[in-house]
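Please read the structure below before turning to the comments.
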Amino acid sequence: MSKDEQQISRIVRLTLTALVVAVFGAFYLFGFHHPWDVDPEYTAPKLTTVLIGFQMGILLLTVIVSVWSVARAFLCRDRSERSLNGVPVLRNALIICGSCALLLLLTFLTAPTTPLSVNGQAFSETMPLRLANMFVISSMVLIGASLLAVLVSYLYERTKK
């Protein structure tokens with residue numbers, strides 16, 4: 001990675017961090033304990049729509065940049081070599097992408113859809129429940145897999161010495 005790329009990456013990271021801190025800070029500092037009109041026992045923060053809009057914007061931007069990056073990497077890759085330093089790059093990339101897609105599909109199909117109680121009312125729409133459960137379960141599986149990979153790598157390096 002060149003110095004210019006590192007500088008751009010640093011600026012983007014710091015800008016996103018500052019935006020996240022500002023939006024979440026405003027969410028918690030301004031009107032967070034505003035009572036809900038329907039039932040004053042519950043709160044209805046004033047900046048909820050701003051926070052949700054910000055998160056949706058970041059998600060959309062992330063998806064756009066990811067698709068662009070994958071398309072650019074796929075179109076600009078050197079097709080003459082299928083491996084780099086003895087590592088089968090294309091095969092590994094396809095296995096990782098396919099495994100993630102399969103994990104998301106399996107967790108979506110097997111996610112429980114039991115209704116939740118949200119602010120005293122039952123929330124029983126199956127699609128949002130399935131999507132939320134899919135992301136939570138998939139995240140837990142991927143975090144567990146990464147921790148396992150770190151542990152195996154550590155033990156392998158330790159026994160090699």
Side-chain angles (χ1 to χ4, degrees), residues 1-29 45 47-116 118 123-161:
M1 189 182 281
S2 71
K3 286 212 178 236
D4 290 338
E5 290 172 335
Q6 288 179 346
Q7 188 69 16
I8 291 170
S9 176
R10 182 173 175 265
I11 290 170
V12 168
R13 180 178 46 84
L14 291 175
T15 303
L16 283 175
T17 302
L19 281 172
V20 166
V21 167
V23 169
F24 276 90
F27 176 76
Y28 286 113
L29 292 176
L47 297 179
T48 302
T49 55
V50 173
L51 182 66
I52 292 173
F54 176 72
Q55 290 175 337
M56 295 299 285
I58 292 291
L59 178 66
L60 181 65
L61 181 67
T62 303
V63 169
I64 290 170
V65 169
S66 297
V67 168
W68 174 76
S69 176
V70 168
R72 183 173 177 260
F74 185 74
L75 294 175
C76 296
R77 69 184 170 88
D78 184 14
R79 287 174 169 68
S80 63
E81 294 185 31
R82 297 183 73 86
S83 65
L84 180 65
N85 295 332
V87 176
V89 178
L90 180 62
R91 186 185 73 185
N92 287 353
L94 290 175
I95 289 172
I96 290 169
C97 289
S99 299
C100 286
L102 182 64
L103 175 67
L104 289 171
L105 179 67
L106 288 175
T107 54
F108 178 79
L109 293 175
T110 59
T113 58
T114 55
L116 297 175
V118 179
F123 183 76
S124 59
E125 294 182 37
T126 58
M127 182 60 90
L129 286 172
R130 279 190 186 274
L131 288 173
N133 282 326
M134 174 189 72
F135 284 119
V136 169
I137 295 168
S138 296
S139 297
M140 290 182 348
V141 167
L142 290 173
I143 289 170
S146 65
L147 290 174
L148 182 66
V150 168
L151 180 67
V152 167
S153 175
Y154 171 74
L155 293 174
Y156 176 76
E157 288 297 321
R158 193 168 170 206
T159 58
K160 209 167 111 175
K161 290 182 180 179

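Atoms considered below: every heavy atom in the structure, side chains included; atoms not considered: hydrogens, waters and symmetry mates.
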Taking all heavy atoms of Leu116 and all of Leu129, pick out the closest pair and write down the distance.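 Scanning both residues, the minimum pair turns out to be CD1-CD2, 3.6 Å.
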
Kindly give the heavy-atom pair with the smallest separation between Ala111 and Asn133, and that separation in Å.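 Smallest interatomic distance, heavy atoms only, reads CB-CB, 3.5 Å.
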
At what distance, to the nearest 0.5 angstrom, does [atom1] of [X] lie from [atom2] of [Y]?
X      : Y      : atom1 : atom2 : value
Ser138 : Leu105 : OG    : CG    : 10.0 Å
Gln55  : Ile52  : CD    : CD1   : 7.0 Å
Ser66  : Leu61  : OG    : CG    : 9.0 Å
Lys3   : Gln6   : NZ    : CD    : 6.5 Å
Leu104 : Ser99  : CG    : OG    : 11.0 Å
Thr15  : Arg10  : OG1   : CZ    : 10.0 Å

With side chains defined as the heavy atoms from C-beta onward, is the minimum distance between Val50 and Phe27 less than 4.5 Å?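 Not touching, per the 4.5 Å side-chain cut-off.
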
Could you check whether any side-chain N or O of [X] sits under 3.5 Å from a backbone N or O of [Y], counting only pairs where one atom can act as donor and the other as acceptor?
X      : Y      : answer
Ser9   : Glu5   : no
Thr159 : Leu155 : yes
Arg130 : Leu109 : yes
Thr107 : Leu103 : yes

Can you tell me if Phe135 has over 12 outside heavy atoms packed within less than 6.0 Å of its CZ?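 Not more than 12 within 6.0 Å, no.
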
Go through the steps for Phe108 and Leu131 under the test side chain to side chain contact (heavy atoms under 4.5 Å, CB included), then give the verdict. CA-CA 6 Å; Phe108 178 79; Leu131 288 173; 4.0 Å; yes

Any side-chain donor paired with an acceptor under 3.5 Å for Thr126 and Thr113?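 No - no donor-acceptor pair under 3.5 Å links their side chains.
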
Under the criterion side chain to side chain contact (heavy atoms under 4.5 Å, CB included), I'd like the reasoning laid out for Tyr28 against Leu47: C-alpha separation, chi angles, the key distance, then a yes or no. CA-CA 9 Å; Tyr28 286 113; Leu47 297 179; over 6 Å; no

